[in-house]
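Worksheet for the structure shown next.
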Protein chains: 2
Amino acid sequence: MFLGRYEHTIDEKGRITIPSKFREMLDGSVYVTQGFDGNLQAFPSELFELLANQVRSISYLDANSRRLRRILFANAEQIKFDSAGRILLPAFLRDTANLTDNAIVVGSGEYFEIWSPENWRAQQTSLNDIEANETRFSALDLNTLQ
Amino acid sequence: MFLGRYEHTIDEKGRITIPSKFREMLDGSVYVTQGFDGNLQAFPSELFELLANQVRSISYLDANSRRLRRILFANAEQIKFDSAGRILLPAFLRDTANLTDNAIVVGSGEYFEIWSPENWRAQQTSLNDIEANETRFSALDLNTLQ
DNA sequence: GCGTCCAAGGAACATCTGTTCTATCGCTCC
DNA sequence: GGAGCGATAGAACAGATGTTCCTTGGACGC
């Protein structure tokens, strides 16, 4: 499971070091895609391939299915680590997530995310907002857990 | 799997470099056809042959089947790479996709697409649109994956 | 102190692009 | 019909750019 938060630099070449704890759980590469909230998402191979297979199984004669393919595949890249544990983020991915000098790498369970510091701060949800949505988030209620 | 996005130039001769990562997955040539969305589609040989067989097996008494045949056969070309990894796009294919100086080469899973920058921008779907279409795109829900 | 991890940068290599040169084809004109 | 011409395709090369590999140094924790 990917846990925790790390602030790492992005160098002039567009490279970022993946935290070594995260690397341990990967097989030498990650699939990085555009996220939903102005961030990037990084998936271990097996997980991304599951996603990809689902999308591939839809007929490509359907216009919506082609759009879905584009979103998943055109905005994604399989990136290998270099010997120092870095990945080179392609320019189009850096652009979609506003990444320049620094990035915040955030564990998110079975995948992790990469944020620009600005976008990260902007999206921070206060815990009070969550409290206000009690019913939707009832799964988080300790009493209901087994 | 074809992933990512590359902006490449089209030179005066009408040639475009295929990204080397894509070439690695091809056997020295691609089948390029008219796409459904103002773009071109490029298929590895095996996949094109599968498609072709499928389309041929549908009765030609069916109007949709005849249209498919035209898209797949009339507007298709098998194109070999030159020694620098470029393909020469015939004029009629460039015309159907509005290609002049630049093109965006877009991974789309087991095939890839070639777009003019204008057409590409025009069709871009934002990820927020997807969220608004939750049910249609439920295939992307991590929970549903096995 | 030693090992691990991250930051930074140089060097080697691969890729992309523009250009040149040659071969081929079709056409025109003699 | 054959020679000459232009247009097009293909092969090869060179420069610029981008990517990968490798090394170094500093910070931190054990």
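Every chain is numbered from 1 and lettered A, B, ... according to where its sequence line falls, protein lines coming before strand lines. Note that the coordinates shown come from a computational prediction; the quantities given were computed from them, not determined experimentally.
Between the Arg94(B) side chain and the Thr100(B) main chain, no donor and acceptor come within less than 3.5 Å of each other. Listed for the Arg23(B) side chain is a donor-acceptor partner under 3.5 Å among the backbone atoms of Ile18(B). Under a 3.5 Å cut-off, the side chain of Arg5(A) and the backbone N or O of Val105(A) do not form any donor-acceptor pair.
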With 3.5 Å as the limit, what N/O pairs link the protein to nucleotides 22-29 of chain D?
from	atom 1	to	atom 2	distance (Å)
dC22(D)	N4	Arg86(A)	NH2	2.7

Strictly under 3.5 Å: I want the nitrogen or oxygen pairs between protein and nucleotides 5-7 of chain D, one per line.
none

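For the atom pair Leu40(B) CG and Ile114(B) CD1, the distance stands at 5.5 Å (nearest 0.5 Å). Rounded to the nearest 0.5 Å, atoms NZ (Lys13(B)) and CZ (Arg86(B)) are 7.5 Å apart. Separation of atoms OG1 (Thr9(A)) and CG (Asn102(A)) is listed at 6.5 Å; rounding is to 0.5 Å.
Within the structure, side-chain hydrogen bond (donor to acceptor under 3.5 Å, both in side chains) pairs that include any residue of residues 32-44 of chain B comprise Arg66(A)-Asp37(B), Arg70(A)-Asp37(B), Gln34(B)-Asn75(B), Asn39(B)-Glu113(B) (at least two apart or interchain).
With sequence neighbours excluded, the residues satisfying side-chain contact (heavy atoms from CB on, under 4.5 Å) with Asp62(A) are Asn64(A), Ser65(A). A search for side-chain contact (heavy atoms from CB on, under 4.5 Å) contacts involving Ser29(B) returns Asp27(B), Ser45(B), Gln78(B), Lys80(B), not counting sequence neighbours. Scanning for ring-ring contact (aromatic ring centres under 6.0 Å, His included) contacts around Phe2(A) gives Phe22(A), Phe112(A), with sequence neighbours left out. Not counting sequence neighbours, the partners of Asn53(B) by the side-chain hydrogen bond (donor to acceptor under 3.5 Å, both in side chains) test are Arg56(B). For Arg15(B), the salt bridge (Lys or Arg N to Asp or Glu O under 4.0 Å) partners two or more places apart in sequence, or in a different chain, are Asp11(B). Taking the ring-ring contact (aromatic ring centres under 6.0 Å, His included) definition, one finds that Phe36(B) meets it with Tyr60(A), sequence neighbours left out.
Mapped onto DNA chain C by nearest heavy atom, Asp11(B) and Asp11(A) fall at different nucleotides, with Asp11(A) at the one closer to the 5' end. Taking for each of Glu7(A) and Lys13(A) the nucleotide of DNA chain C with the nearest heavy atom, the 5'-most of the two is the partner of Glu7(A).
Scanning residues 95-104 of chain B for heavy-atom distances under 4.0 Å to DNA chain D yields an empty list.
In this structure, Phe48(A) and Tyr31(A) have parallel ring planes: the angle between them is below the 30° cut-off, well short of the 60° mark.
Heavy-atom neighbours of Glu118(A) CD from other residues, nucleotides or ligands within 6.0 Å: above the threshold of 12.
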Could you go step by step and tell me if Arg121(B) and Trp115(B) meet the side-chain contact (heavy atoms from CB on, under 4.5 Å) rule?
-> CA-CA 9 Å; Arg121(B) 276 191 290 273; Trp115(B) 293 80; over 6 Å; no
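Residue Phe92(B) contributes atom CZ, which lies 16 Å from atom C1' of dT8(D) at whole-angstrom precision. Rounded to whole Å, the distance from OH on Tyr6(B) to C1' on dG18(D) is 12 Å. Distance CZ (Phe81(B)) to C1' (dA12(D)): 18 Å, rounded to an integer number of Å. Atom CD1 in Ile16(B) sits about 18 Å away from atom C1' in dG10(D), given to the nearest Å.
Among the heavy atoms of the strands, none lies under 4.0 Å from Lys80(A). Counting non-hydrogen atoms under 4.0 angstrom, Ile10(B) reaches nothing in the nucleic acid.
Listed by first residue number, the stems of DNA chain D with at least three Watson-Crick or G-U pairs below 3.5 Å are C:1-30 with D:1-30.
When DNA chain C is scanned 5' to 3' for any atom under 4.0 Å from a heavy atom of chain A, the first and last hits are dC5(C) to dA11(C).
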